[in-house]
Every structure is written in structure tokens, then in C-alpha cells.
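Read the structure below first, then the notes.
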Amino acid sequence: MKRIDGGLIDRGQELSFTFDGKAYQGFRGDTLASALLANGVQLMGRSFKYHRPRGVLTAGSEEPNALVELRSGARREPNTRATVAELFDGLDATSQNRWPSLAWDALAVNDLFAPLLTAGFYYKTFMWPKSFWEKVYEPAIRKAAGLGALSMQPDPDGYDRAYLHADLLVIGAGTAGLAAALTAARAGAQVVLADEDFRLGGRLLAESQRLDGAPAAVWVAEVEAELRAMDNVRILPRTTVFGVYDHGVYGALQRVSDHRADPGPVRQTLWRITARRAVLAAGALERPIAFADNDRPGIMLAGAMRAYLNRWAVAPEGRVAIFTNNDDGHRTAADLVARRVPVLAVIDGRADAPRLGDYTVMKGAQVTGTQGRRALRAIEVTEADGRATWLECAALGVSGGWNPTLHLSAHHRGKPVWSNAIQAFVPGEGGPAGLAAAGAAAGRGGCAASLADGCRVAGEALASLGLSVPSVDLPAARDLPAGIAPLWHVPGRGRAWVDQQNDVTVKDIKLAHQENMVSVEHLKRWTTLGMATDQGKTANVTALAVMAELTGRTIPETGTTTYRPPFTPVSMGALGGGDSGPHFRPTRLAPTHHWAAAQGAVFVEVGPWMRAQYFPQPGETHWRDSVDREALAVRRDVGLCDVTTLGKIDVQGRDAGAFLDRLYSNAMASLKVGRVRYGLMLREDGTLYDDGTCARLAEDHYVVTTTTANAGPVFRNMEFARQGLFADMDVQIVSTTDAWAQIAVAGPKSRTLLERIVDEADLSNEAFPFMACGPVTIAGGLRARLFRISFSGELAYELAVPARYGAAVMTRLMELGADLGVTPYGTEALAVLRIEKGHAAGAELNGQTTAAMLGLGRMVSVKKDAIGAVMSRRPGLVEDSRRLVGLMPVDPGDKVVSGAHLFAEGAERSTATDQGWITSACFSPHLDSSIGLGFLKDGADRLGEVIVAANPLEGSEANLKVVSAHFVDPEGDRLRD
Amino acid sequence: MLIPHPILGPRDAQEFTYLGDARLLERPDGLAEDAPAAFHDYVYLRDNPAGVHRELWYHEHGDRSWLVVTRDTVTHEILGADLVKGAAS
């Protein structure tokens with residue numbers, strides 16, 4: 001093909017680009033496809049299975065063949081349709097699915113084996129030997145098949161997510177869409193007008209038809225100018241509305257800067273548009289007729305040929321034939337003639353075909369074959385009397401009729417209905433509420449008809465919203481003849497392609513039928529028809545028609561496959577938006593985070609939080625050096641740990657105690673003011689859910705804590721209980737996790753240290769005993785809360801201050817405790833200390849354990865009704881004799897490994913003989929031994945026994961001695977000291 | 001999906017957390033004679049209708065209201081939404 005005069009390209013802006021390394025020139029307004037065609041390049045791709053040479057079939061997003069890789073390096077984007085890739089200066093495009101080159105593709109040999117590679121080939125051929133699948137067949141098939149390749153590098157571009165609300169969303173800015181948008185805009189409605197193209201106008205840009213006696217583009221420009229000047233209209237070009245979701249929510253992808261060499265900060269935007277009404281004005285998609293060898297480069301849809309001619313000023317070089325079953329195909333011939341392109345003939349399958357211009361019509365004739373490997377050379381025409389002739393031609397336009405682009409109307413279980421008049425499916429009843437199709441998308445095509453229909457459908461939507469409908473003066477237009485007679489495929493030998501992207505032929509559909517694939521859904525999955533990037537937009541209806549013919553059913557009886565979002569491919573980057581890498585989820589920093597960072601702390605992710613894991617000191621070469629030192633410092637002197645991340649919930653109200661009685665398995669209403677109690681929460685099914693402390697600050701005021709991981713869920717459950725289960729209670733709750741910084745001060749010298757910072761308070765054991773709590777002031781007046789609670793098993797406190805003072809208080813404590821050997825410790829030492837003490841944490845509260853298993857069965861009160869209490873008394877749970885025990889290796893060289901399962905010595909290692917598992921393990925610097933906690937069958941009665949811990953994942957086993965879970969201070973004297 | 005919040009008006013479903021059958025509001029009395037049987041049904045038996053369903057949604061990224069939303073699970077049409085507090089079963 002070649003460039004001619006005219007068209008809607010900006011010849012003042014010449015653009016350079018490359019395809020397969022060769023440099024070409026195009027213009028602003030070109031697509032990659034139109035620019036390649038203008039440069040005489042017809043061969044743009046290789047087919048999926050047979051590696052047949054392919055050119056463009058269409059001029060839009062439905063393109064099955066011209067798939068290319070755009071750009072290079074990390075930005076390389078495979079499987080991009082050249083027909084919608086907007087040309088920019090410096091565009092670097094590469095063909096794909098070929099080796100070594102597009103013109104000479106080694107795997108084109110597949111085409112010779114086509115009789116073997118029919119539908120279902122893979123299913124039948126690669127079944128045995130079974131072991132070959134993973135190692136031989138699949139890698140080989142994957143290498144041979146597939147289209148473009150990913151860059152395997154992180155996407156360097158930014159993606160945005162945005163939200164819009166509208167009274168009316170108009171999908172498609174063609175004839176009907178512009179009329180609809182204009183109507184709604186003038187009514188004062190909030191209008192969003194979206195179109196996948198970079199230029200508004202839709203099919204008006206592709207046609208020679210005039211509006212008000214002027215080129216249609218003039219009217220389009222006038223309407224666009226009017227709409228752009230209105231505050232209540234938002235125009236989104238390069239934006240595909242790809243899906244309809246519940247309650248008027250539409251997904252749309254805007255290619256913000258795909259058309260720029262440097263995409264800038266935002267490459268694409270994913271819009272979530274909430275619209276009260278929507279007009280689907282997406283136009284129609286032309287479909288081909290299947291005939292032998294109908295896939296050669298140079299054969300394209302007649303409407304696409306017209307679009308390249310009129311919009312992009314690209315005309316075939318040499319004689320052109322048209323093969324059609326409808327009047328629209330004749331328009332291409334007429335336009336070609338008008339541009340002085342020689343038209344060989346219009347081959348019209350209809351015996352009564354009209355002649356709508358100055359060209360030859362072969363009535364009742366069909367194209368029955370083609371020649372030309374990499375470009376069309378000749379076609380075989382068989383006339384009504386059976387006479388077949390080979391005619392030389394350089395291009396063939398094919399039209400089998402137009403399918404309304406009804407996809408979005410079928411997204412909510414909408415069922416398309418068949419129209420005999422246009423021989424196509426049109427939107428039916430049902431489908432998304434609030435969405436109505438207009439113009440060609442509704443099966444009401446024709447220029448004048450579409451204009452009027454756009455106004456009418458928009459008017460109905462406005463009226464249903466209570467808005468008045470303005471009258472819109474439409475330009476003078478004409479509806480051209482649109483007669484059609486069904487012609488889906490031309491019978492005969494040779495392969496007639498139905499789905500060019502997936503290399504599915506009429507024969508494959510016949511084979512599927514023979515193999516008893518009776519439903520269209522079977523057909524699709526057996527042949528892969530309608531899959532991949534184009535989703536069969538040019539193929540599906542033709543395939544249904546062939547299927548219907550084979551089964552003796554009508555097309556509507558045969559039915560369509562289900563239409564699902566997205567309408568065209570949406571990149572994963574756009575769906576992810578900015579939520580990638582560190583932005584995948586928010587990172588929460590504890591109040592002392594920056595202080596800890598300054599101390600050289602190593603951090604670890606704990607749920608959404610970053611917590612200090614340990615604080616390496618000079619000379620420490622291994623994390624264990626640091627952790628051992630920190631743990632020993634707590635046991636010997638005093639340590640500081642930021643425990644802010646634990647959930648804190650403030651519970652207030654007259655019934656606060658009664659409310660907590662319901663939530664915790666143990667009694668909380670009886671707790672005295674100024675005291676703390678450890679509490680267990682159960683799930684309603686009786687298993688352990690969470691643990692924490694309840695501190696009663698006043699008669700009507702508690703502060704409860706949750707584990708870090710469950711801070712959100714526990715609060716959610718408490719709200720459910722408060723609002724839904726115990727709504728009569730006078731109680732309010734609020735999460736204060738972020739409001740208070742909380743620092744654990746643990747170790748024998750913790751009291752001494754606290755006495756240095758707490759103002760005028762008596763912290764003696766008598767005045768402030770174990771499990772005491774209360775408000776204090778520190779550092780000369782700062783309000784704070786002090787809790788005498790201990791996770792480490794040492795004399796310990798937790799000091800809470802308003803969050804913004806957290807770092808300052810930590811710094812002050814470090815200064816005040818310097819002579820006491822004060823040591824900051826992280827989550828690793830925290831874990832060592834609690835394992836040594838036998839305190840439960842997440843690994844012991846894993847959703848499979850009970851209070852009884854922790855040895856805390858008596859904490860489930862039988863005197864009151866609490867969540868989970870009834871179900872915790874089920875025989876199956878009560879009879880579970882597994883108990884938390886401590887474990888130490890018999891051989892000091894062995895390690896306790898968490899996750900290992902416990903067996904009696906000599907027992908078979910099987911589920912049936914499994915006696916429990918190890919939940920937590922660490923090295924105890926205090927005991928100078930590896931230790932662990934685990935649940936062991938009859939564990940309470942087996943102290944002193946030796947059992948086997950089997951770790952089949954690592955293939956290791958170790959003999960362990962069963963000991964008390966309380967490795968340190970089993971009597972609890974230290975924390976009460 | 002939009003949930004017609006009884007206080008805040010239509011809100012996007014993304015702001016909510018879903019729990020399920022609103023029968024969870026009918027928690028049995030744990031001190032009653034038949035509590036074990038009643039809790040068995042309460043914890044394990046749920047209707048999962050194709051059609052109108054009363055279900056619990058929590059406005060977690062909003063005002064923390066728990067709602068009973070009446071929804072057609074086939075069409076996703078929402079027939080109403082009430083605060084659980086005082087929502088008649």
C-alpha cells in the first residue's frame with residue numbers, strides 16, 4: 001500500500017520510527033499499522049500456531065493479527081496491536097513469534113504439518129508418557145507457542161488510579177456517542193465521554209460521507225469544541241471502558257502517555273467511573289467471511305480498507321477486489337473508485353447484489369482461493385454458474401456484515417438477541433441496569449439513524465434522572481443502503497480461517513462438532529477460538545454460525561459464549577496502580593523508629609509495622625551475638641523495648657465491665673480499679689483467638705491490649721459485639737494503638753530506672769504490686785500510664801505516653817539508666833524471653849489450640865456467658881489432651897526446630913502416631929541451650945520423658961526432653977518481687 | 001458495588017468488610033439449657049441462598065457501623081441496608 005493525498009494526518013509533523021530495526025517515516029495521527037502500510041509494509045506478524053505470515057485485518061482494537069512488541073528494555077510491551085498503537089517520534093517496534101526473522105520464520109514448518117496440528121492436537125498427542133509432560137512436552141510447546149515475550153524487568157512506569165462520578169457516561173465518541181454527549185451536556189448533566197481512540201469521531205473519521213455538506217470531521221471538531229468548553233463535560237480520549245460492575249460502576253483504562261516517547265510520571269490511569277446512566281455507543285465491528293486461504297497479508301476487512309483510505313490516506317497499490325455479502329462492502333469500492341484506486345470487481349455472494357458505484361459487480365460469486373505467501377497475488381473467484389477464474393489482485397477487502405459492539409451490555413448476564421434484519425446479535429433485555437445501547441452498538445446503524453438514536457437514548461436517560469431534554473439540531477446526514485444476506489463461510493477444500501489469532505479454521509469447528517463439542521462453550525475451550533488478546537471479536541459470531549449450520553440449529557439457538565470484562569486487555573501495572581513495591585501496603589513506624597534506626601537497629605516487618613529486631617553493637621558479627629546480649633541484659637539489669645504495636649482499645653461506659661465479661665473467657669467485671677488482668681479471647685467455636693491484658697483505670701474505663709497481628713480484627717469483632725450482639729449495653733470503644741507509645745521496661749533494675757523518671761510516685765511492691773496500673777506523670781509533668789505487667793518473666797513495667805513523646809521518653813530512659821546497664825532490645829530478644837518464660841504468642845494461638853491446651857482451661861469461666869465459652873466445652877475439645885510443654889535437646893548439639901512433629905521413641909512417623917508439634921524455638925542464652933515450646937499429647941503428665949521431634953522437611957530428627965514450659969522462674973517470684 | 005449506608009448514603013463496597021449471614025446477630029444465650037445445640041446451629045449452619053440474602057457488612061474504612069445489607073446474590077441488587085443496632089431479624 002502507499003500514501004495518497006488527504007486523510008486526517010498532520011503532514012506537518014513527520015515522525016520517525018523503526019520496525020524490526022528498519023527506519024520508517026510516518027505522521028502525527030498515524031497508528032503504527034497505518035504508518036507501516038503507508039511504507040509498503042504488509043507483513044506484520046506470524047500466527048500463533050502455524051506461524052502463517054499475517055498482515056492487518058482491521059483498523060481498530062479488534063485486531064487479531066498485527067501484534068507487535070513496542071519499545072525496548074524494561075518498557076518492552078508484547079502483544080500490542082499495531083492498529084491502535086499511536087505513532088510517536090522514535091517509536092521502536094518489533095515483530096514477534098518468529099525466528100530468525102519475520103520474513104523467514106523457522107517454525108513456519110508447522111504450517112506443513114497442519115493436518116496433524118488440528119484442534120485438540122495437544123490434548124490427544126501429549127498424553128503419554130505422563131512424565132514427559134513437565135520435562136519435555138510443556139517446555140517445547142511453550143517455546144514454540146505464545147506470542148510476544150516479557151522483558152523480565154520491573155516496569156519502570158507509573159500507573160494511577162482515579163475516580164469519577166457522572167450522571168451520564170457515554171461510551172464511544174462516534175456518531176451516536178457524540179449526539180448523546182451533546183444532548184446530555186446541553187441538559188446540564190455531568191457527562192463523561194470516553195473513547196478508546198486518540199481522536200474523537202469513531203467511524204465518522206473513516207467514512208467519506210458528509211455531514212451538512214462538509215466532511216464529517218468538521219462537525220466532529222465543532223461538537224468537540226462545544227463539549228470541551230463546558231464545565232459539566234469531561235472528555236477522556238485514549239480511554240477504553242472495559243467493564244461494567246455492580247451498581248453503575250464502570251472500569252476504564254486511559255492510556256495517558258503510551259503515545260509519548262517519554263511516558264512521564266503516569267503511563268496509564270485506571271478510572272473507576274460511577275455513573276447513574278450510561279449510553280453504550282461503541283459502534284460495530286466488521287466480520288470477515290471464511291474462505292480458503294483468507295488470511296494472507298493484503299486481505300483485510302472492507303471497512304478497515306476504507307478507514308485506511310479515508311482517515312490515514314493509505315491506498316492499496318494495484319488492483320483491489322471486494323468480497324461481500326452486504327451493501328456496506330460496496331461503499332469501500334465506491335470510495336476506492338473516488339480516490340482513483342483501480343477496483344477489479346466487487347464479488348458479492350448475493351444473486352441480487354446491487355451496484356452502488358462505478359465498478360464491476362460479480363453477482364452470486366464467491367472467492368474460493370487465494371495465492372501469495374507474504375502478500376496477496378491473486379484470488380480465485382467462482383461465479384454463480386460454477387466457473388472458477390484466477391484473478392490477479394494486490395488487495396482484497398472482505399465484509400461479512402457488522403456485529404454491534406454490544407460486549408458491555410452483556411456483562412451483567414445480559415443476553416444478546418439475534419436480529420435477522422442485520423444478521424447479527426444485538427443487545428437484549430437484562431444486562432447492566434442503567435446502561436442503554438445507541439446507534440450501531442444497538443443494531444441501529446446508519447449515519448442519520450445513529451445521530452438520532454444517540455439523542456433519543458441520551459434523552460431517555462436524562463428524563464429518567466428527572467432532567468429536561470434539550471432539542472439538539474443534528475447535521476443533515478443520509479443512511480446508506482445496508483442490505484445483507486447471510487454468508488459465513490465458503491465451502492470447499494483448503495483452510496478457511498475463522499479465528500486468525502488462534503489459527504482456528506472452519507475444519508477445526510467441524511472437528512470439534514465431530515468430537516461431540518455440542519455447546520459453544522465447549523467449542524471455545526476445545527479449539528481456543530475466541531481466546532487471547534482479541535477475544536475473538538472478529539471471529540466469534542462467524543464461528544457460531546458455522547456451528548449452527550453443523551448442528552442444524554439456528555444461530556440464536558446455538559447462543560453466544562459469555563461476555564466478560566475486560567473488553568480489551570488491561571495491563572497488570574494499571575490494575576495494580578501505585579500499589580507496588582514498598583507501596584503495596586502502608587508501612588507503619590513505631591514512635592521510636594527513628595531513634596532505633598539511629599542506634600543501628602535491624603528492622604523486621606511485623607504485620608504492617610516495622611519493628612526493631614535487634615540492636616547490633618560494635619564487635620557483634622552474628623545476629624545471635626546481639627540477641628543473646630539483649631536477652632541476658634534484661635534478665636540481669638534492665639531492658640527497653642517499644643511495644644507500641646500491640647493493639648490498644650479504650651473501653652468506656654457504665655457496662656464496660658459487663659461487656660468485657662462477654663468478650664473474654666475469664667472474668668473482667670470483677671477486676672478492681674488500678675489492676676490489670678491477663679485475658680483470653682475465644683472464637684465462637686471455642687478455639688483460642690487472642691490474648692492480652694485488661695487494665696481497669698476507672699469504674700467505667702478499661703484499656704485492653706491485643707496481639708499486634710490481631711489489633712484490627714479484634715477491634716472489628718468488638719464493634720460487632722457492641723453494635724450487634726450486646727446493643728443494650730452502655731459501652732463505647734475506640735482504638736488507641738496509635739495514640740499511645742508504649743515502652744516495656746523489664747529486668748531486675750526496672751523499678752530503679754522508673755523511679756528516676758516517674759514523678760513523686762511510690763513504686764514499691766506494696767504500693768504498686770505485680771498487675772497494678774494507674775495514671776502517673778513523668779519527667780516533671782508529662783501524663784503517662786504505668787502498668788506492672790511482664791512478658792519476659794522479670795520484674796517489668798510498661799510505660800505509656802502520648803505517641804509523640806515516645807522517642808523522647810526512650811531517649812530519657814536510656815540516659816537515666818546508663819549506670820544500670822540499660823539495654824534496648826528488639827523483637828528477637830522479646831521472643832527469647834517469652835519462650836524462656838513459656839508465655840504464649842502467635843505460634844501458640846494459631847487457631848487450632850484451646851485454653852486448656854495452654855494449661856489455662858480454668859480461665860474459661862463457667863459462671864458467665866462469654867464468646868466461645870459454650871463451644872469450648874464440646875467433648876472433642878475437652879478430650880484433647882495435648883498440653884503446652886517445654887522441650888530441650890537430650891544431646892546439647894541438637895537443635896529444637898519449630899514446626900517439627902513429636903513422636904514416641906520407636907513409633908512410626910505418621911499422622912496416626914503424631915503426638916503434637918513444636919510451636920516456637922530459640923536459643924536460650926540463660927540456659928545456654930536450644931529450647932522450644934510445643935503441644936504434646938498428655939504433655940502435663942510427661943515431664944522428664946524423652947520424645948522424638950521429626951522434621952521431615954529438613955530430614956532431621958532429634959531426641960528432646962519434655963520439661964516445664966516455664967524454663968525461667970516457674971514459680972513467678974521474679975515478676976512479683 | 002455501592003452500599004446505601006443508612007447514615008452516610010451510598011458508599012463504595014471497597015470501604016466495607018464482609019462477614020456473611022446476618023443470622024450471626026441471633027446469638028443464643030450461653031447459659032440456657034440447650035446452649036450446646038443452639039450454639040452448634042449458630043456457629044455452623046448458614047443459609048447460602050441464590051437470591052435475597054441478609055448479610056453483615058462492616059464500614060471499616062468509614063464510620064465503623066455494622067450494617068445488615070439485604071442483597072440479591074444473583075443480581076447483586078441491594079434492597080436495603082440498616083444499622084445492626086435495632087435491625088429486626
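None of the values given here were measured: they were computed from a predicted structure. Below, chain A is the first sequence line, B the second, and so on; all start at residue 1.
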With a 4.5 angstrom heavy-atom cut-off, is it the side chain or the backbone of B:I78 that approaches chain A, or both, or neither? both
Engaged part of B:P28 at the chain A interface, taking heavy atoms whose separation is under 4.5 Å: backbone
Aromatic plane relationship, B:W66 with B:Y58 - under 30° parallel, 30 to 60° tilted, over 60° perpendicular: parallel
Measuring heavy-atom distances to chain A, does B:D12 have an atom under 4.5 Å in its side chain, in its backbone, in both, or in neither? side chain
Per-residue tally against chain B (heavy atom, under 4.5 Å) across A:K864, A:K863, A:R873 peaks at A:K864
Do the side chains of A:I649 and A:M718 get nearer than 4.5 Å, heavy atoms only? yes
Go through the atoms of A:F720 and report whether side chain, backbone, both or neither lie under 4.5 Å from a heavy atom of chain B. both
Note, A:L660 side chain near A:V651 side chain (heavy atom, < 4.5 Å): yes
Below 4.5 Å from any heavy atom of chain A, which atoms of B:T75 appear? Answer side chain, backbone, both or neither. both
Top contributor to chain B contacts, counting heavy-atom pairs under 4.5 Å, from A:M871, A:R716, A:R413: A:R716
Could you check B:H76 against A:H247 for ring pair (Phe, Tyr, Trp, His ring centres under 6.0 Å), going step by step and ending with a plain yes or no? CA-CA 8 Å; B:H76 290 192; A:H247 309 150; 7.4 Å; no
So how far is it from B:L2 CG to A:D246 CG, rounded to the nearest 0.5 Å? 9.0 Å
Over all heavy atoms of both residues, which pair between A:S861 and A:A869 is shortest? Give the atoms and the distance, please. O-CB, 4.5 Å
Greatest number of non-hydrogen atom pairs under 4.5 angstrom with chain B, of A:R722, A:R874, A:E684, falls to A:E684
Under a 4.5 Å heavy-atom cutoff, which of A:A866, A:G686, A:G724 has the most pairs with chain B? A:G724
A:Y159 and A:T269, any side-chain heavy atoms less than 4.5 Å apart: no
Taking A:Y563 as the fixed residue, which of A:H412, A:H411, A:H407 is the one that meets the ring-ring contact (aromatic ring centres under 6.0 Å, His included) rule? A:H407
With a 4.5 angstrom heavy-atom cut-off, could you sort out which part of B:L56 is near chain A: side chain, backbone, both or neither? side chain
If you count heavy-atom pairs under 4.5 Å between each of A:V862, A:D728, A:V249, A:L725 and chain B, which one has the most? A:L725
